[in-house]
Participant: 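Below you will find the structure I want to go over with you.
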Amino acid sequence: MADAKVIPFDEDRPRRRMPRRVRSVPAADQVAQEPAAQETVAPAPEPAPAERGDGWDRRIAGGLAFLRRRVTGEYEVDDFGYDKELTDQVLMSLMRPLYDKYFRVEVKGIENIPAKGGALIVANHSGTLPLDGLMLQVAVHDHHPAERHLRLLAADLVFMLPVVNELARKAGHTLACAEDAQRLLEAGELVGVMPEGFKGIGKPFGDRYKLQRFGRGGFVSTALRAGTPIVPCSIVGAEEIYPMVGNAKTLARLLGIPYFPITPTFPWLGPLGAVPLPTKWTIQFGEPIPTDGYAAEAAEDPMLMFNLTDQVREQIQHTLYKLLVQRRSVFF
């Protein structure tokens with residue numbers, strides 16, 4: 001029997017040719033760019049645990065040294081009781097969360113405050129409680145390139161309260177009298193005054209951002225005698241932290257205070273009603289008004305003092321209206 005012959009069935013089909021893969025050769029400039037495109041920026045090395053430990057060690061050592069100086073009395077205060085170290089390391093640190101996070105204060109015109117030498121900052125006063133003065137102090141220190149300290153002139157009541165009296169002295173504040181203000185200005189200090197006084201801070205909510213009388217212009221006389229510039233300052237946002245809708249005058253008279261505020265939350269909510277509303281603040285410093293060009297006897301000229309006082313007041317009021325128009329919301 002003859003051997004069987006195997007006949008393949010696909011012999012008559014044309015064989016499919018697989019396409020050849022052509023490898024493209026990149027151009028020279030593309031080759032030169034590829035390594036650069038593939039390069040990645042290496043992440044910054046994290047600090048070693050030893051370095052982080054050294055930072056904490058320095059903080060702890062600094063804190064212990066601070067406590068030792070407080071206990072042994074090895075710290076300096078000036079003639080007014082101002083304690084710079086305590087103010088920088090403790091008092092300012094306590095006020096910054098309120099300044100940065102709660103009121104979110106925006107500062108404008110900080111360049112109008114001199115880098116050195118005496119100057120008198122004149123600002124509006126409002127808010128039922130004098131938080132505007134404290135926020136103004138933080139604004140000057142934290143935003144001025146020279147980190148200048150503001151020495152506020154406070155009312156007699158501040159220095160009659162047991163704890164507040166000591167803290168005010170330590171923070172650099174002093175009694176609102178012409179003699180102390182002139183001494184500070186002549187020493188090259190930055191002095192702050194709010195001429196409205198209790199009339200401004202205790203005015204009803206319906207009169208918000210309407211400046212009250214600026215007294216007899218004593219601050220102008222002090223600036224003229226010291227030959228220092230006057231820097232107008234406008235503060236927006238403080239009026240709404242305690243909307244004062246009433247004043248219990250009889251109770252205020254019994255307590256010996258200028259006014260007893262009644263707000264939508266105080267005294268109805270007790271201590272909780274003393275929490276200020278989280279309004280958005282703006283502090284703007286205006287162009288300084290020079291006083292060194294006047295003669296020595298100019299401080300005794302009542303007409304000149306009246307004109308300068310009115311000029312400062314009008315500039316502050318105009319800036320307040322301008323900031324209110326620009327403000328989007330009380331809280332944002």
Side-chain angles (χ1 to χ4, degrees), residues 75-96 99 105 107 109-110 112-125 130-161 163-197 200-201 214-215 218-235 238 283 285-286 288-289 291-292 312 316:
Y75 56 90
E76 297 180 357
V77 295
D78 65 5
D79 296 338
F80 298 91
Y82 171 50
D83 190 336
K84 184 178 183 299
E85 184 184 42
L86 181 67
T87 301
D88 287 343
Q89 298 193 20
V90 178
L91 300 182
M92 285 288 183
S93 300
L94 293 176
M95 292 187 290
R96 280 193 184 99
Y99 177 91
V105 182
V107 178
I110 194 69
N112 291 319
I113 298 178
K116 59 182 179 180
L120 183 65
I121 296 180
V122 183
N124 59 306
H125 205 13
L131 296 180
D132 52 356
L134 300 178
M135 296 302 101
L136 180 60
Q137 184 181 10
V138 179
V140 172
H141 179 269
D142 287 2
H143 291 269
H144 196 277
E147 296 184 352
R148 301 202 63 179
H149 288 273
L150 182 65
R151 313 288 293 270
L152 289 170
L153 303 179
D156 300 357
L157 179 62
V158 174
F159 301 99
M160 294 171 59
L161 302 175
V163 178
V164 178
N165 170 30
E166 187 67 20
L167 291 177
R169 291 287 184 186
K170 294 291 186 182
H173 312 321
T174 187
L175 191 65
C177 64
E179 292 78 12
D180 287 356
Q182 186 172 347
R183 283 180 58 193
L184 288 170
L185 289 173
E186 291 176 348
E189 296 288 348
L190 198 61
V191 179
V193 62
M194 295 174 168
E196 292 177 282
I201 195 174
F214 268 24
F219 69 92
V220 172
S221 176
T222 303
L224 286 171
R225 286 190 174 93
T228 55
I230 300 174
V231 181
C233 176
S234 302
I235 303 174
I283 299 178
F285 300 96
I289 301 173
T291 63
D292 54 355
V312 174
I316 295 174

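As the structure is a computational prediction, the values presented were derived from the model and not from experiment.
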Participant: Evaluate side-chain contact (heavy atoms from CB on, under 4.5 Å) for D142 paired with R96, printing each intermediate quantity in order.
Facilitator: CA-CA 9 Å; D142 287 2; R96 280 193 184 99; 2.8 Å; yes
Participant: Taking side chain as C-beta onward, heavy atoms only, is F214 less than 4.5 Å from V122?
Facilitator: yes
Participant: Apply side-chain contact (heavy atoms from CB on, under 4.5 Å) to E166 and list each qualifying residue two or more places apart in sequence or on a separate chain.
Facilitator: K170
Participant: To check you understand the geometry: which heavy-atom pair defines the closest contact between H173 and L134, and what is its length?
Facilitator: NE2-CD2, 4.5 Å
Participant: Got a second to check how far L157's CG is from M160's CE, nearest 0.5 Å?
Facilitator: 6.5 Å
Participant: Can you name the side-chain contact (heavy atoms from CB on, under 4.5 Å) partners of A178, sequence neighbours left out?
Facilitator: T222
Participant: Please round to the nearest 0.5 Å and tell me the distance separating atom CG of L136 and atom CG of L131.
Facilitator: 12.5 Å
Participant: How about T87 and Q137: do any of their side-chain heavy atoms sit closer than 4.5 Å?
Facilitator: yes
Participant: Is the shortest side-chain heavy-atom distance between V140 and F285 below 4.5 Å?
Facilitator: yes
Participant: Quick one: list whatever passes side-chain hydrogen bond (donor to acceptor under 3.5 Å, both in side chains) with E196, sequence neighbours left out.
Facilitator: none
Participant: Only counting residues at least two apart or in another chain, list the ones meeting side-chain contact (heavy atoms from CB on, under 4.5 Å) with L167.
Facilitator: L91, V163
Participant: With a 3.5 Å distance limit and no angle check, can you tell me whether N112 reaches the backbone of P288 through a side-chain donor-acceptor pair?
Facilitator: no
Participant: Specify whether H143 and Y99 have parallel, tilted or perpendicular ring planes, treating 30° as the upper limit for parallel and 60° as the lower limit for perpendicular.
Facilitator: tilted
Participant: Atom NZ of K116 and atom CG of L190: how far apart are they, to the nearest 0.5 Å?
Facilitator: 15.0 Å
Participant: Could you check I121, L120, T174, D180 and say which one makes a side-chain contact (heavy atoms from CB on, under 4.5 Å) with V191?
Facilitator: L120
Participant: Which heavy atom in L185 sits nearest to a heavy atom in A119, and how many Å separate them?
Facilitator: CD2-O, 3.4 Å
Participant: Roughly how far apart are L86 CG and R169 CZ, rounded to 0.5 Å?
Facilitator: 15.0 Å
Participant: In a table with atom names and distances, give each donor-acceptor pair under 3.5 Å that connects a side chain of residues 223-234 to protein atoms at least two apart or in another chain.
Facilitator:
unit_1 : atom_1 : unit_2 : atom_2 : d
R225   : NH1    : S221   : OG     : 2.4
R225   : NH2    : E300   : OE2    : 2.5
S234   : OG     : I316   : O      : 3.1

Participant: Closest heavy-atom contact between P130 and H125?
Facilitator: CB-CE1, 4.0 Å
Participant: Only distances under 3.5 Å count here; give the side-chain donor-acceptor pairs of residues 145-154 to other protein atoms, sequence neighbours excluded, each with its distance to 0.1 Å.
Facilitator:
unit_1 : atom_1 : unit_2 : atom_2 : d
R148   : NH1    : P114   : O      : 3.1
R148   : NH1    : G117   : O      : 2.9
R148   : NH2    : G117   : O      : 2.8
R148   : NH2    : G188   : O      : 2.9
H149   : ND1    : Y82    : OH     : 3.1
H149   : NE2    : D88    : OD1    : 3.1
R151   : NE     : G172   : O      : 2.6
R151   : NH1    : D78    : OD2    : 3.3
R151   : NH2    : D78    : OD2    : 2.8

Participant: Does some side-chain heavy atom of V90 sit less than 4.5 Å from a side-chain heavy atom of L94?
Facilitator: yes
Participant: For the CD atom of Q89 and the CG atom of D83, what is their distance to the nearest 0.5 Å?
Facilitator: 9.5 Å
